[in-house]
Amino acid sequence: MTAVRQDAWSTEDDLILAEVTLRHIREGSTQLAAFEEVGEKIGRTSAACGFRWNSCVRKKYEEAISLAKTQRQKRSYYKKQPANPLQVAALGGLSEVEAGYFKIEGASEESLSIDAVIRFLRQWKGNLQENGRQLKMLEKELREKEEELANLRRVNEQLNKEVSEVQTDYRVVNDDYKALIQIMDRARRLAFLTEEEEELKTRFKMDANGNLERIE
């Protein structure tokens, strides 16, 4: 009896790895992202999934990989095209046509049916109407924001004006205060000198020879 390793890859694991990796290739994603998704699903590391894909599984799906790359190129091409109904109606041979972000459901592999084109045109018209409503709402919101901004600018100008006036008043008051301090300082010095002169007059007198004589 042959022993089976607990970490051996099962057929189901290989199928999950192939399906997810092909989907990522088809959608224009990276294989690393595919390996990470597979690892989360089956409980393995992305490195282990990448090694398994390159060493074993990839060889079994060469044709599928080539087809996935072709589908990726078509998807990329159609997404770059404008969503014009006439261009979309002319793109036969696909079960789901992508023109920009619009899609036509139910088209046959041979060609698009009239019903599918009509459904697409109705969907396209509905999308245009919805976009028009959203555009009007955005324009209204933009006008409201512009009015709010204009009001804020007026308030800011008024506040700047008031601040300028307050600063001017402060400078005037400050200058007056400094002038008052200087006047008071000069007054104190004059008062001190006057007191000294009075004190000298009361404590000294002039004798007959013109000399000052101190009075005890």
Side-chain angles (χ1 to χ4, degrees), residues 23-24 26-37 39-40 45-46 72-73 75-88 97-104 119-216:
R23 173 164 53 81
H24 277 261
R26 185 168 57 251
E27 294 177 353
S29 180
T30 63
Q31 292 187 13
L32 178 59
F35 299 152
E36 291 177 351
E37 181 180 339
E40 292 179 357
T45 64
S46 58
R72 179 182 62 191
Q73 292 175 354
R75 178 186 294 267
S76 176
Y77 171 78
Y78 291 131
K79 282 187 176 182
K80 293 178 182 179
Q81 303 304 309
N84 187 304
L86 297 178
Q87 292 179 347
V88 173
V97 176
E98 295 183 2
Y101 292 102
F102 295 100
K103 297 180 180 180
I104 295 179
R119 285 197 302 272
F120 169 77
L121 291 175
R122 289 176 177 173
Q123 179 186 357
W124 190 57
K125 180 180 179 181
N127 288 331
L128 286 179
Q129 293 175 344
E130 179 63 24
N131 291 336
R133 286 192 293 269
Q134 293 180 358
L135 180 59
K136 290 181 179 179
M137 293 176 60
L138 291 174
E139 289 176 347
K140 180 181 179 182
E141 184 177 356
L142 178 60
R143 287 193 299 270
E144 293 175 351
K145 295 298 183 182
E146 289 176 346
E147 292 176 357
E148 182 179 356
L149 179 60
N151 292 331
L152 290 176
R153 285 175 176 172
R154 287 193 292 270
V155 172
N156 184 56
E157 291 176 358
Q158 181 63 28
L159 291 176
N160 287 333
K161 183 179 179 180
E162 293 178 0
V163 169
S164 179
E165 293 175 352
V166 170
Q167 290 176 342
T168 301
D169 294 341
Y170 169 78
R171 286 193 294 268
V172 172
V173 172
N174 189 48
D175 293 341
D176 292 343
Y177 173 75
K178 290 180 179 179
L180 179 60
I181 293 297
Q182 292 175 357
I183 292 172
M184 293 177 64
D185 187 56
R186 286 198 298 269
R188 282 196 300 269
R189 287 199 297 269
L190 289 173
F192 180 75
L193 292 175
T194 302
E195 290 177 357
E196 285 186 343
E197 290 176 356
E198 292 294 331
E199 185 178 355
L200 289 173
K201 288 179 181 179
T202 56
R203 297 178 63 184
F204 294 88
K205 70 177 181 177
M206 186 76 66
D207 61 9
N209 297 323
N211 298 319
L212 289 175
E213 185 180 35
R214 183 173 182 177
I215 300 174
E216 296 297 338

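Here Leu135 contributes atom CG and Leu128 contributes atom CG; the two are 11.5 Å apart, rounded to the nearest 0.5 Å. Taking NZ from Lys145 and CG from Leu138, the interatomic distance works out to 12.0 Å, rounded to the nearest 0.5 Å.
Taking the side chain as every heavy atom from C-beta outward, Glu37 and Glu40 never approach each other to under 4.5 Å. Two residues are said to be in side-chain contact when any heavy atoms from C-beta on lie closer than 4.5 Å; Glu146 and Leu149 fail this criterion.
The side chain to side chain contact (heavy atoms under 4.5 Å, CB included) search around Glu36 returns Leu32, Ser46, not counting sequence neighbours.
When all heavy atoms of Arg72 and Gly28 are compared, the pair lying nearest together is CD-CA, 3.4 Å.
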Step-by-step side-chain contact (heavy atoms from CB on, under 4.5 Å) determination, Asp185 to Gln182
CA-CA 5 Å; Asp185 187 56; Gln182 292 175 357; 5.6 Å; no

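Looking at Ser164, its side chain never comes within 3.5 Å of a backbone N or O of Asn160 through a donor-acceptor pair. Looking only at distances, no side-chain donor or acceptor of Asn156 sits under 3.5 Å from a matching main-chain atom of Leu152.
The list of salt bridge (Lys or Arg N to Asp or Glu O under 4.0 Å) pairs with a residue in residues 164-174, not counting sequence neighbours, is empty. Residue pairs satisfying the salt bridge (Lys or Arg N to Asp or Glu O under 4.0 Å) criterion with at least one member in residues 121-144, sequence neighbours excluded, are listed as follows: Glu130-Arg133.
At a threshold of 4.0 Å, the pair Lys178-Asp175 does not count as salt-bridged, since none of the basic side-chain nitrogens sits closer than that to a carboxylate oxygen.
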